Structure formats: structure tokens, C-alpha cells
**Student:** 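Supplied in C-alpha cells, the structure appears directly below.
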Amino acid sequence: MSMENRGKSHVDIFDRASREAWAQHFGVSEERLRKAVSMVGTRITSITAYLHRPSA
């Protein structure tokens, strides 16, 4: 995680560098990150919960 993203509460999905960094942080593709954001919004805690929920 870059120092730039530390302490932030939301993902800037429109900024390529930020999107790439968060996708790498979560261990997902940018496409998967975009889907998570479309489902739960940009709050990092919501994205984390969405990405780590058990698949049904």
C-alpha cells in the first residue's frame, strides 16, 4: 500500500493509480474492484467486507 493511500476512507475509482494500488492491496483485478464499488460504494471498509464475504 502506498503512503498516498494510507489513512484514506474511500477509493478514488476514477484515478488510475489509486485504482491500481487498491486492486493490488485487495489482491483483485481492477474489474473486480470496480464491481465491488458498484455494489457497495467507495468506502474502504464496505469494499473490504464485500470482497471477503463467503461466496454463496
Side-chain angles (χ1 to χ4, degrees):
M1 172 74 39
S2 71
M3 292 302 290
E4 183 178 306
N5 287 335
R6 288 180 192 252
K8 299 222 174 180
S9 60
H10 293 269
V11 171
D12 182 357
I13 200 69
F14 299 107
D15 179 76
R16 188 177 131 210
S18 176
R19 191 172 60 243
E20 289 173 350
W22 282 111
Q24 183 176 5
H25 171 77
F26 288 122
V28 298
S29 66
E30 287 185 52
E31 181 179 335
R32 179 88 169 107
L33 178 63
R34 285 178 185 270
K35 180 175 180 176
V37 167
S38 74
M39 296 299 287
V40 299
T42 61
R43 184 175 297 277
I44 293 166
T45 54
S46 298
I47 295 169
T48 300
Y50 177 83
L51 293 173
H52 292 105
R53 72 180 176 16
S55 297

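Here the structure is a predicted model, which is why all the values come from computation and not from measurement. What's counted below: heavy atoms across the whole structure, side chains too, no hydrogens, waters or symmetry copies.
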**Student:** Is it the case that atom CD in Glu30 sees more than 12 heavy atoms from other parts of the structure closer than 6.0 Å?
**Tutor:**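 Yes, CD of Glu30 has more than 12 neighbouring heavy atoms, counting only those of other groups under 6.0 Å.
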**Student:** In Å and rounded to the nearest 0.5 Å, what is the CG to CZ distance from Leu33 to Phe26?
**Tutor:**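 So the CG of Leu33 and the CZ of Phe26 are separated by 7.0 Å.
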**Student:** Would you tabulate the side-chain donor-acceptor contacts of residues 41-49 under 3.5 Å, counting partners in other chains and residues two or more places apart, or write 'none'?
**Tutor:**
residue, atom, partner, partner atom, Å
Thr42, OG1, His10, ND1, 3.0
Thr48, OG1, Ile44, O, 2.8

**Student:** First locate atom OG of Ser29, then atom NZ of Lys35, and finally report the distance between them rounded to the nearest 0.5 Å.
**Tutor:** 10.5 Å
**Student:** Glu20: which residues meet the side chain to side chain donor-acceptor pair (under 3.5 Å) condition with it, sequence neighbours left out?
**Tutor:**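 Glu20 satisfies side chain to side chain donor-acceptor pair (under 3.5 Å) with Arg16 only.
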